[in-house]
Amino acid sequence: KAKSNGGNNLQVFNPVMYSNSQKKLLMENALRKSIENNELLLFYQPQINTRTGQLVGVEALVRWKHPQLGLVGPEEFIPLSEETGIIIPIGEWVLREACRQNKQWQEAGYPPIKVSVNLSGKQFSQELVDQVNQILTETGLAPEFLDLEITESMMMDANHSIRILNELHEVGIQISIDDFGTGYSSLSYLKSFSINRLKIDRSFIKDITKNTSDANIVDTIITMAHKLGLIVIAEGVESVEQLEFLISNHCDECQGFLYSEPVTSMQFENKFFRNNNSKSTSNIHG
Ligand code: C2E
Ligand code: MG
Ligand code: MG
Ligand code: MG
């Protein structure tokens, strides 16, 4: 069907002309070239200290800017990247770029913050430790300013995972559990001293002010985390009412559209470093 179309770039991603498997193959080939073609970029979303309103961190979120497809979000290409193994070079690129950018901000004289990088299960192996070490040396970023976000599903093989976590912990980087509460793993890994932070999944935050069960779950997660000596961050905070709930329940950090959507590095710099951030967020706090 699509044979006669060879060479016509504009038609390449026309959904009508290709079967799903053909589309996948085209997508895979384009993804393989995305790094060398400089098509990957990171967006940044602020993480705020709930009590003080201060900027404490930033999450790096990958985007793929394809000449025909436009700006593609991670939900649309991370699964295929994982399936094909392309996540390994992409993940390495993300780590390096996030560390490089954070170091650059520090060198510009902005107050130092941590950068959070999402890891895929495929990356969560013994080689990761060497890779992280090499990237930290290369970029000059101090390990305490790197936070790795892993998910509960990566903790399914607890013995294996805890060994990697301990090694990363020894390097001095921080570890956060992303989308906390949505996985199927047991809670036993929380006894591992290598975890610094729980990131409450946004599905629990969504109806926090309307749904008593969600409110109780979030309250309980915060209490449990604090008893274990962990920091808690809420994701998907969109309203002042949600923020107020989180303040009164002693959630340590917040992230969400209330403060900002993920933005480019330049926008982030202008919005959160150039104009005094504590001023702009104290407005939100009233
Ligand atoms: P995540 O790590 O849980 O990231 C949060 C996602 O929620 C982001 O979507 C962000 O834009 C969105 N979000 C943030 N605040 C709000 C809010 O207040 N309301 C709503 N409705 N959404 C909000 P994004 O950037 O599309 O990323 C989606 C997922 O893709 C991420 O979920 C993460 O699991 C994955 N991802 C992103 N970057 C990378 C990466 O570099 N490597 C890997 N392996 N996965 C990544
Ligand atoms: Mg994340
Ligand atoms: Mg999340
Ligand atoms: Mg996630």
Side-chain angles (χ1 to χ4, degrees), residues 31 34-35 39-48 50 57-65 70-102 114-125 128 131-132 135 146-154 174-183 195-209 218 221 231-243 245-246 251 253-265 267-268 284:
L31 257 181
S34 64
I35 299 180
E39 292 167 359
L40 295 181
L41 71 161
L42 295 183
F43 272 32
Y44 296 91
Q45 190 178 34
Q47 300 172 330
I48 306 291
T50 315
V58 61
E59 181 170 4
L61 296 152
V62 72
R63 303 287 183 264
W64 177 26
K65 197 170 187 178
L71 201 61
V72 186
E75 238 100 69
E76 287 177 70
F77 69 91
I78 292 289
L80 182 62
S81 308
E82 289 176 334
E83 215 178 290
T84 53
I86 308 172
I87 192 64
I88 297 298
I90 288 182
E92 185 176 354
W93 181 88
V94 169
L95 256 172
R96 182 172 286 109
E97 176 60 14
C99 291
R100 188 202 61 76
Q101 180 63 76
N102 199 21
K114 66 179 180 331
V115 65
S116 301
V117 174
N118 292 281
L119 287 188
S120 147
K122 287 264 160 63
Q123 285 174 275
F124 196 59
S125 67
L128 179 70
Q131 191 182 90
V132 166
I135 289 172
L146 174 63
D147 170 57
L148 296 180
E149 293 193 0
I150 63 173
T151 57
E152 288 167 85
S153 61
M154 297 183 207
Q174 303 189 41
I175 303 286
S176 299
I177 306 293
D178 201 358
D179 308 331
F180 183 75
T182 61
I195 291 163
N196 302 82
R197 191 181 282 95
L198 296 186
K199 216 173 166 180
I200 306 176
D201 190 69
R202 89 166 170 259
S203 59
F204 297 113
I205 307 298
K206 197 168 164 282
D207 297 321
I208 207 174
T209 56
V218 170
I221 293 175
I231 301 165
V232 196
I233 177 165
E235 62 179 0
V237 181
E238 297 184 355
S239 73
V240 175
E241 291 72 27
Q242 290 169 331
L243 175 63
F245 177 95
L246 293 162
C251 185
E253 299 171 357
C254 283
Q255 180 181 346
F257 294 169
L258 176 64
Y259 295 100
S260 173
E261 291 181 10
V263 293
T264 64
S265 59
Q267 290 170 319
F268 186 84
I284 294 166

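In listed order, ligands and their atoms are each counted from 1. Counting from 1, the numbers follow the sequence of the chain as shown.
- When all heavy atoms of Cys254 and Tyr259 are compared, the closest pair comes out as CB-CE1, 3.8 Å.
- Ligand 1 has no atom lying under 4.0 Å from any heavy atom of Gln255.
- Of all the heavy atoms of Arg202, the ones lying under 4.0 Å from any atom of ligand 1 belong exclusively to the side chain.
- Among Thr151, Asn118, Asp147, the single residue meeting the side chain to side chain contact (heavy atoms under 4.5 Å, CB included) criterion with Ser176 is Asp147.
- Contact annotation: Asp201 places no N, O or S atom under 2.8 Å from the Mg ion (ligand 3).
- Residue Arg63 places a heavy atom under 4.0 Å from ligand 1.
- By the 4.0 Å heavy-atom criterion, Gly91 is excluded from the residues contacting ligand 1.
- The two residues Val58 and Gln47 make their nearest non-hydrogen contact at N-OE1, 3.6 Å.
- At the Mg ion (ligand 2), the angle from OE2 in Glu59 to OD1 in Asn118 is 90° when rounded to 10°.
- Under 4.0 Å from ligand 1, the heavy atoms of Asp179 that appear belong solely to its side chain.
- Its N, O or S atom nearest to the Mg ion (ligand 3) is what matters here, and for Asp178 that atom is OD1.
- Within Glu149, the N, O or S atom at minimum distance from the Mg ion (ligand 2) carries the name OE1.
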